[in-house]
Each structure stands twice: as C-alpha cells, then as structure tokens.
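Structure first, commentary second.
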2 protein chains.
Amino acid sequence: MGKSDLKTKNDRTSRLLGLLRTEEHWTTHHLASELNISHRTLMRDLEELKKAGYPIEADRGRGGGVRLNGRWGIERLNLTNKEAISLLLSLSVTEALTEQSNDFGSKGLKQKISTAFPENQLKVINELRKRILIGKLASDSVLRNCNRVNGKIWDDVILAFFDSKRLKFEYCNENTIMTSREFDPHFLLLNWPVWYLLGWDYLSDEVRIFRIDRIRTISMTNQVIIRRARPQFIHAYESYFTNL
Amino acid sequence: MGKSDLKTKNDRTSRLLGLLRTEEHWTTHHLASELNISHRTLMRDLEELKKAGYPIEADRGRGGGVRLNGRWGIERLNLTNKEAISLLLSLSVTEALTEQSNDFGSKGLKQKISTAFPENQLKVINELRKRILIGKLASDSVLRNCNRVNGKIWDDVILAFFDSKRLKFEYCNENTIMTSREFDPHFLLLNWPVWYLLGWDYLSDEVRIFRIDRIRTISMTNQVIIRRARPQFIHAYESYFTNL
DNA sequence: CTTAATATGTCATAAGTTGACATATATTTA
DNA sequence: TAAATATATGTCAACTTATGACATATTAAG
C-alpha cells in the first residue's frame, strides 16, 4: 500500500508530508489515525517538521487543523555538474524573460532553489549565475546561418565554464577562415536561440566573443582561467545586450 | 561548529552527505573517524543512503573508497502552485532551446526534476508540462508593439491554467477594439519573448489564441474547463510553431 | 461556557541504534 | 600467488531513542 511500508520513522515522515500535500483538510487526530500512530507521536512528528523548516501552520479551536503551505515540493535532487549548470541556465533564461515581461513568482523560485543548495555549494552556484548573461534576440542574419552545436563541443564548453578552465579550440569565423585559439571562458551569453562564449582570447590578447556553434574542435586544459575585471567584457560587446 | 551538532541520526546523515559532496577521496574508515562513529555504523549509514536512492558507489581494494555521483544537490524544496509552474515553464523553455540546438544534459535534468515530485503530484505535473508549448521567435512586428504583462493578470492566467479553470477577460485586439471573452485556457504558448493563451473561446465558439499582454481585465471562475481534443488547437495556429 | 481543536509535559516500556568482534569478498601491488 | 588494503555483512549485548497512555494547558467557534 502506498509509497512506503511505514517501517521506519523516516518513511512515516514522508508519508505524513504526502498527506499534508493533498489539498484536504486534516485534523491532527485524523492524521494520527491515518498513520496508525498515537496522537502524541503525531504532534511530535509535526514539531520536528516545523523545526526542520517546513511551513506547517495550524489553527486551534473548532474547524481548526494543520496545513502545509508549499504543497508542491521536491524532496531531494542529486545533480551532476552538467545538470546543475543546466538548472542554472534554465533559471537564468526564465529570469530574463520574467524581468522583461512580467513577474510570475520566479523571483521567489530562483531564490528558493539557490538557497536550497547546501552551503558549501552556494558560493560556486552564485558565482556561476553571475556569469550567465541573457542578451537580446538573435538578429535575422544570425538566425539564418546558425548551426546545431555538436554535443561533445557543448559538453566541453560547459565543463570548462563550470570548472573555470582554459580552452583550446579551432574557430571558423563568418568568412569561413579557421583560427586556433586559446581562450579563458568568462561568460556564457544567450542571444536566443544562439549561445556565445565571452572571455579572454590569447591569440589577440583581447576580450573576444565566439559563437559556440562555430567552434569546430575543442579541448579543455587543466589551466585555471585568469580572472579579469567584469566591466571590460560587458562593455566590449554592449551591442549584444541592448534591446532586452 | 558546522551545520549540525550531530545529535541525531538525521543530522549525522546530512553531515555524511556533505562530506561525500566535497570532491575529496574518502575511505569508509576515514569517514567514520570524521563523524566520530564506528566503522560498522558508517557502513550501515551508507547502506541506508543507497537504499534511499542516493547514487553512492564504492571501489574495493587498495586505493578504493566511496563516492557520491551527483555531487550537486538540493535536499528539499517546498513550492507554491505558482512556483511549481514557474519551474515547469523554466524547464520547458530550456528544453525547447535544447532540442533545437544541442543536448546539454537537461533532458536528464527534466526527467530528474519531474520524478522528484511526489507520486501524487506527478500526474498533474506531467499533464501541465504537455500544455506548455514553445513556438518560434516573435516576429519583428509583434516585438515592436508588445507590452509588459500586468502582474495581477499574469497571476490569474497562471492560476487558471494551473487549476484548469475558465477565465473571463476583456481583450484589446490589434485594432484596439475591446471584447469581453469567456475562455477555457488549454495551452500556454511562448513565442519568445511573448506569451499567448491558446484555448476555447466562447464568444466565437471556436479555438482562439490571445496575446496575454493584450488582456486588460481578468477574473477566474470556478467552472472547470471542458477538455477538447489537442490536435484542433495545434492545427489551428500552426504558423506560431513553424520555424522552431 | 461548552465543545473541538492544537500544544506540551511526564514516565514506563517498546523499538531502534550502536559498537565490538568476526568473517567474507574484491582489488591492487609486489 | 601472497600480502595489504579496501568494502560488505552477520551477530548480539548495551545503550539510546521513540512511543503511547494519561494529564493538562491553551485557543477559537458557536
């Protein structure tokens, strides 16, 4: 029956949360009998959940009961590096869409998800978030000649971005001239639906921007990238941001 | 010191997860001494975590040890209706971007997040996901005359969409002619960065699409929407999807 | 002012957790 | 192939925690 056999306290707790997440009206006695435990024990369980930070509220007196405020929830999520960054990309993209057009609670969501990461990961997460930029829409001319990004190349880009590692790649510019680049990826930039890599290029010894779909071959080095001041990057390619 | 005082088993377990999430190399004896528990107990803790679904792997023999595969994780997330749908929108948007350009692990992410919702919410979540559509980019002409969506209006749209409730609103079309509509919202459609509502309009008794930023006043009714076959909606407004 | 609800305290006992010890199994290294 | 170093698992007495029964306080609605 149901999700668990109620063998351990933890299982019972998650069953309790399940019950609270249904929209029904629960009294503590009702819950206790549903879970086959004494009323006292149920009250202790609720106390624990509250202490653990669950938004559980109660009304005393006739017609009272207990309720869980955030009824939609995720209990636990284990993410790989790639998935963590995907989630960040998702949130950044939606955030941009939100700022520009409307607020639909994703501000709170962003905050919640950010703070739901364990403390020791928070710093990295926030650092990465700042380095994902959402610019304007791709222009028609770009749109007309953009390609699918090769999966392996995207993976390396993402991993290097995640780990702050220097990249080596061969790039094919708009005139189909190939160059070999050494490059510190500082920012990921989206001009929907085209992704760019903004950073320091060692061939020109300058700030440069590269379209990821124009990278032909790539390899990640072990060299940690040298951080440089943020403004120079943003200013150098302001035109990519303007109309959003 | 640290996050917890290790007073209860649960605290210890979360400390253990914290240790595993650092990228360090851990042997079980190392972990046991770090947590001030016997080796046997540590092995039991690991066993429990594995049973609970954590991707913990171990190598026997010299140089062996234990490791947690998804090192980036969220322990728990409580969401309101609005936040849950924001998360879904986020994922849908990114998913669309992904399908079109590349795979960066967000397929796995989508799956993970979806299955991380408790069973009783899964059905609703998946049902909603199917009703979020990502189309092509907004055309220049649309882009030039689109407005910010009023927050209250967006909230009502989202809530009605979430709860499958009929809407009443006043709509201002391209010729600035106002009409009063009764409307069953079946699909949310994004032509980045413009959101549409696709559904059944009772004024014309037909499938219709409305730009959300052109809704002037709105109210949600208690009437549950009447489900209709999906194809008629999609076919009626195919031009909104084409180039993606 | 009665009834129905949550909230909290106490204590004997039931249930679960722990560490010590033993042993099995897998892998690397010499 | 033997030694060393890991994880993996079983058992049991001692220990710790969780539980239910009972009591009582507190709050709100009718």
Side-chain angles (χ1 to χ4, degrees), chain A residues 2-71 78, chain B residues 3-71:
Chain A
K3 181 181 179 180
S4 70
D5 290 316
L6 278 188
K7 280 195 179 144
T8 71
K9 200 186 155 202
N10 285 328
D11 288 342
R12 189 182 70 216
T13 302
S14 77
R15 263 257 283 164
L16 171 55
L17 281 169
L19 291 174
L20 287 172
R21 278 203 251 259
T22 67
E23 300 216 11
E24 289 156 70
H25 177 245
W26 294 101
T27 69
T28 49
H29 286 92
H30 191 175
L31 283 169
S33 78
E34 188 72 25
L35 294 168
N36 271 302
I37 52 175
S38 71
H39 184 249
R40 189 65 187 83
T41 299
L42 181 92
M43 293 310 283
R44 276 190 281 242
D45 283 0
L46 287 174
E47 194 186 348
E48 250 179 38
L49 286 176
K50 281 185 220 161
K51 265 193 194 143
Y54 283 86
I56 289 170
E57 284 169 21
D59 294 313
R60 295 185 179 203
R62 262 194 200 182
V66 283
R67 93 200 86 82
L68 177 63
N69 262 354
R71 280 195 313 275
N78 280 304
Chain B
K3 180 183 180 179
S4 70
D5 289 316
L6 277 188
K7 281 197 178 142
T8 72
K9 201 186 153 200
N10 285 329
D11 288 343
R12 189 182 69 216
T13 303
S14 78
R15 261 256 286 165
L16 171 55
L17 281 170
L19 290 175
L20 287 171
R21 276 202 252 260
T22 67
E23 300 215 12
E24 288 157 69
H25 176 248
W26 295 101
T27 69
T28 49
H29 285 92
H30 191 176
L31 283 169
S33 79
E34 188 73 24
L35 294 168
N36 269 302
I37 52 174
S38 71
H39 183 250
R40 188 66 188 82
T41 299
L42 181 93
M43 293 308 283
R44 275 190 283 242
D45 283 359
L46 287 174
E47 194 186 350
E48 250 179 39
L49 286 177
K50 281 185 219 160
K51 266 192 193 144
Y54 283 86
I56 289 171
E57 284 169 22
D59 295 312
R60 296 186 180 204
R62 260 190 202 185
V66 285
R67 92 199 88 81
L68 177 64
N69 261 355
R71 279 195 315 276

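Numbered from 1 within each chain, the chains take letters A, B, ... in sequence-line order. Side chains are part of it too, since the values below use all heavy atoms of this structure and drop only hydrogens, waters and symmetry mates.
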In this structure, how many angstroms lie between the P atom of dT18(C) and the CG atom of Asp11(B), rounded?
12 Å
I need the CE-C1' distance between Met43(B) and dA22(C), as an integer number of Å.
15 Å
May I have the distance from Asp59(B) (atom CG) to dA8(D) (atom C1'), rounded to whole angstrom?
14 Å
OP1 or OP2 of dG19(C) versus the side-chain N and O atoms of Ser38(B): is any pair under 4.0 Å?
yes
When the nearest nucleotide of DNA chain C is assigned to Ile37(B) and to Arg62(B) on a heavy-atom basis, which residue is associated with the more 5' position?
Ile37(B)
Determine whether a donor-acceptor pair (N or O, by modelled atom type, separation under 3.5 Å) exists between the side chain of His25(A) and the backbone of Gly64(A).
yes
For Thr27(B) and dA6(D), is the shortest distance between a side-chain N/O and OP1 or OP2 below 4.0 Å?
no
Let me know which of Leu19(B), Leu42(B), Leu20(B), Leu49(B) forms a side chain to side chain contact (heavy atoms under 4.5 Å, CB included) with Val66(B).
Leu20(B)
Closest-nucleotide 5' rank along DNA chain D - winner of Arg40(B) and Gly65(B)
Gly65(B)
Return the value, rounded to whole Å, for the distance between atom CZ of Arg60(A) and atom C1' of dT6(C).
5 Å
Going by distance alone, is a donor N or O of one side chain under 3.5 Å from an acceptor N or O of the other, for Asn78(A) and Arg21(B)?
yes
Within this structure, what is the CD-to-P distance between Glu47(B) and dT9(D), rounded to whole angstrom?
6 Å
With a 4.0 Å cut-off on N to O distance, would you call Asp59(A) and Arg67(A) a salt bridge?
yes
Below the 4.0 Å mark, does dT18(C) have OP1 or OP2 next to a side-chain nitrogen or oxygen of Arg12(B)?
yes
Counting only distance, no hydrogens or angles, is the base of dG16(C) paired donor-acceptor with the side chain of Arg44(B) under 3.5 Å?
no
Over how many whole Å does the gap from Asn10(B) atom CG to dT16(D) atom C1' extend?
15 Å
Hey, is the side chain of Lys50(B) poking within less than 4.0 Å of OP1 or OP2 on dA8(D), counting only N and O atoms?
yes
Rounded to the nearest angstrom, tell me the gap between atom CG in Leu31(B) and atom P in dA6(D).
12 Å
Heavy-atom side-chain contact between Leu35(A) and Thr41(A) under 4.5 Å
no
Give the rounded distance in Å between these two atoms: CG of Asp45(A) and P of dA7(C).
13 Å
What nucleic acid atoms does Leu46(A) come within less than 4.0 Å of, heavy atoms only: base, sugar-phosphate, or nothing?
nothing
Hey, does the side chain of His29(A) come within less than 4.0 Å of dT6(C)'s phosphate (OP1/OP2), counting only N and O?
yes
